[in-house]
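All chains are named by letter (A, B, ...) in the order of the sequence lines, taking the proteins before the strands, and each is independently numbered beginning at 1.
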Amino acid sequence: MIDLHPLKLELVERIGWLIRLRWVAVVSTLAGIAIARLVEPALPVLPLVTVTAVIALYNLLFLLYARYLWRRRGTGIRRRRSPIFAAVQIVFDLLALTALLHFSGGIENPFGVFLLFHVIIASILLSRLASFGVALLASSLYAGMALSEMSGWLPHVHLPQLADPLHYANPVYTAAHVTAVTLTLLLAAAMASSVAERLRRRTQELLQASQICEINRSELTEMNERLRQLDAARTQFIVMVAHELRAPMGAIISALNLVLGGYAPPEKQREVLERAQTRAYELLDLIRDLLELVRARRIEGPAQGVPVRAEKVLESVLGLLRVEAESKGLSIEVKVAPDLPPVLATEDQLRSVWTNLISNAIKYNRPGGRIAISLTHDGDQVVGSVEDTGIGIAREDMPRLFEEFFRGEQAKAMVQRGTGVGLAIVKRTVESYGGRVWAESELGKGSKFSFALPRATDELVAQTSENNQKTS
Amino acid sequence: MASKGKVLIIDDDPDFCEFMRIGLESDGFEVLTAASGRLGLETMRREKPDLVFLDVVMAHPTEGVDVTATIKEDPELWDIPIIMLTSIMDTEYIGHFPTDKPLSVDQFLTKPVPMAEVLRIANEIVGTKS
């Protein structure tokens, strides 16, 4: 995961920079002392060099600690401790600078403006509040030094070449000087930290944007792959459909060819034509199924249903399918709860739901098996289910069961023809009315398919029957 | 009338088998049918037909192709002429049902084949054989 805290990220990098900068400061200070000594013989070299040595020493310790932190990369310690570490360094630097100023003329030394650097560094590295803290500390140290020297609490180092006459003992000069320095430091903190804050925010936004881009890209790749698979499935489906359509058509043409060409003996002609007729109906059914699928796929958003009595539709579907089931030696049990409310759908669509589920139960059942159909209501829903004692469905096929064009291995092995469209139609239809479908199955034992459709509201039922009366 | 020869139809479409039977029998052939690749192979071993009409897409999309692969490796069967029939337009579409088995057939016909053509081929192949 990308670290979204640029302030802390930046800090980790900047701490090394701070330490390197301090080495430069140590060398420059020593050079400065040497040059100043040439101009000003009164400069106390020993205390100044000692302070500089102390700076070098603590910088060495900081360097070791920074290396330790660097090794703890990724543990979180580095990120948690870095702000405190930076603040500690800045405080040390302020103390050292104040000491250097004290030993080189106090407020008479113009290098007091160097305090500004520290405030600016703090504003860049630390939070807004912390940079004000640093500005206040710098001002207090400076004012403390000035007042201590003025009051004689600390000895004043007078550098006659630098400042003459004496300013440090003049309360007005000291007050003006200290006020100017304090205001400068506070304003610098305000301006620099506001710019730094804005930059940090921008960095954060950029980081977030690039993270979102990354997420979108992986989503797109995934979506593209899904589309590619769907497209491949569709191409195969079209080939299957073409085959399915040609098979009955081929049989019909063969039959006609047989009769018209005089190859069928007269006593066989009727049988041949009857078979052709059956295949023509089969073709019609297939086309109806495909259209049904297209229709179910086209519905977007909740469909407009009318109150339909699910048990009546079930009865008429059973009337058509019972013969087929009996020819396979299947027994059908039907349990319909009394006082069922009508559901919200259309009669045609509900018919297709029942037909698909029941013909599956017939097709994939073992000879002499059982089909149990139930219809109950559960709160605001009517729940229908069709249970068979057939081949069942493999666990790995369950999630794809309602996908268009999908047929399980067992189903393919058992029943030759099938477009893999039936359950997809059921799912699309039921869901378009705000219902849901689900399946339970055990391989080799049987399957149970259920659907729940919302009941039609009493209001809608009343309205519909009113309309029916008007039209009749 | 003495039979011109034995023709086996391997196809999972019972109507198609029946129509082929009626047509071929009207021309004096003896007709056997099998509804799957497995049954077809069993019948071939048992009956040694003179000609086989084999459907490509049965329970499995490549069932017919699998049958030819088995035939090719069985010395008892590899001399029997095979005519492949399918509703799929041409071999290109076979590509959508991948199989690593090579097609080994004498002829590849697209359904529906006019009965006159079926009889012409049957007479030609069975005729040259006997």
Side-chain angles (χ1 to χ4, degrees), chain A residues 231-283 286 363 405 407-420, chain B residues 1 9-29 31 34-39 53 55-64 66 85-99 109-120 122-123:
Chain A
D231 189 54
R234 256 184 209 163
T235 308
Q236 184 161 0
F237 174 71
I238 290 168
V239 175
M240 277 308 281
V241 167
H243 182 266
E244 296 306 297
L245 292 173
R246 283 184 69 110
M249 192 53 101
I252 294 163
I253 292 172
S254 299
L256 296 177
N257 178 252
L258 213 55
V259 175
L260 294 175
Y263 302 103
E267 72 276 13
K268 293 258 185 181
Q269 283 180 3
R270 190 181 171 82
E271 187 207 327
V272 171
L273 289 176
E274 273 170 0
R275 280 174 181 264
Q277 179 175 270
T278 311
R279 298 307 291 266
Y281 282 124
E282 182 196 314
L283 196 57
L286 182 61
K363 267 197 275 184
F405 320 142
R407 293 188 78 208
E409 279 306 314
Q410 282 75 24
K412 279 190 212 159
M414 181 167 179
V415 178
Q416 309 88 313
R417 305 278 186 222
T419 49
Chain B
M1 188 170 86
I9 318 292
I10 306 177
D11 197 309
D12 61 344
D13 183 336
D15 290 336
F16 182 79
C17 289
E18 193 54 29
F19 299 156
M20 290 289 277
R21 176 201 297 282
I22 292 170
L24 284 160
E25 280 180 353
S26 77
D27 201 42
F29 289 95
V31 179
S36 73
R38 189 179 54 80
L39 292 173
F53 286 98
D55 189 23
V56 179
V57 181
M58 288 183 270
H60 296 290
T62 58
E63 194 166 328
D66 299 347
L85 291 172
T86 180
S87 306
I88 290 173
M89 294 79 176
D90 54 52
T91 45
E92 190 198 324
Y93 286 89
I94 293 277
H96 290 291
F97 305 100
T99 172
L109 297 176
T110 302
K111 285 181 185 175
V113 188
M115 191 45 73
E117 178 75 357
V118 171
L119 295 179
R120 190 187 60 73
N123 279 307

Is any side-chain heavy atom of A:Pro248 closer than 4.5 Å to one of B:Asp15?
no

Just how far is it from atom CG of A:Leu258 to atom CZ of B:Arg21, taken to the nearest 0.5 Å?
12.5 Å

State, to 0.1 Å, how close A:Ser254 and B:Pro112 come at their nearest heavy-atom pair, and which atoms those are.
OG-CB, 3.8 Å

Rounded to the nearest 0.5 Å, the CG atom of A:Asn257 sits from the CD atom of B:Glu117 at a distance of 11.0 Å

Distance from B:Asp13 atom CG to A:Arg279 atom CZ, nearest 0.5 Å?
4.0 Å

Does some side-chain heavy atom of B:Phe19 sit less than 4.5 Å from a side-chain heavy atom of A:Val272?
yes

Below 4.5 Å from any heavy atom of chain A, which atoms of B:Leu119 appear? Answer side chain, backbone, both or neither.
side chain

Which atom pair, heavy atoms only, marks the closest approach of A:Ala264 to B:Ile22?
CA-CG2, 3.7 Å

